[in-house]
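Values reported hereafter were calculated over all heavy atoms of this structure, with side chains retained and with hydrogens, waters and symmetry mates removed.
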Amino acid sequence: MAFEASDPEVLAQLAERGLGAAILPGAFAEARPERLRTIAINRPALRGRLAFAWRADGPSGPAGRALVERARGALGIGGA
């Protein structure tokens, strides 16, 4: 099953429910610290502020875990 959305609120809700990871404006992710875990995306330099977010207790599926680990590697950020 695959989900796709363009509305940041919907993307945040999908990530909160463990239905994937999302790239969101930082404010959406930061407003949900108890429900989402985030990694700030700082490289390459962006015109806006983005955060890569997923369910606070971790991605529930193998694809989500793989995506988070790949993003961490690409961004040079260790595990949390």
Side-chain angles (χ1 to χ4, degrees):
M1 182 182 314
F3 294 97
E4 186 176 326
S6 59
D7 182 314
E9 185 65 39
V10 173
L11 289 167
Q13 290 172 2
L14 289 170
E16 287 172 11
R17 290 180 172 94
L19 298 173
I23 296 180
L24 301 165
F28 278 87
E30 291 164 2
R32 299 162 172 80
E34 70 286 348
R35 295 179 301 212
L36 291 176
R37 230 192 220 160
T38 64
I39 296 174
I41 300 173
N42 299 315
R43 293 180 315 251
L46 302 171
R47 293 184 306 172
R49 201 167 142 204
L50 294 175
F52 181 61
W54 62 94
R55 188 169 152 167
D57 61 356
S60 56
R65 287 190 299 272
L67 178 60
V68 168
E69 290 309 311
R70 185 169 182 104
R72 283 182 169 145
L75 297 169
I77 299 168

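The distance from atom CZ of Arg35 to atom CZ of Arg17, rounded to the nearest 0.5 Å, is 9.0 Å. In this structure, Leu24 CG and Asp7 CG are separated by 10.0 Å, a value rounded to the nearest 0.5 Å. The CG atom of Leu67 sits 11.0 Å away from the CZ atom of Arg72 when rounded to the nearest 0.5 Å.
The nearest pair of heavy atoms linking Ala12 to Leu36 is O-CD2, 4.2 Å.
Partners of Glu9 by salt bridge (Lys or Arg N to Asp or Glu O under 4.0 Å), not counting sequence neighbours, listed by chain and number: Arg32.
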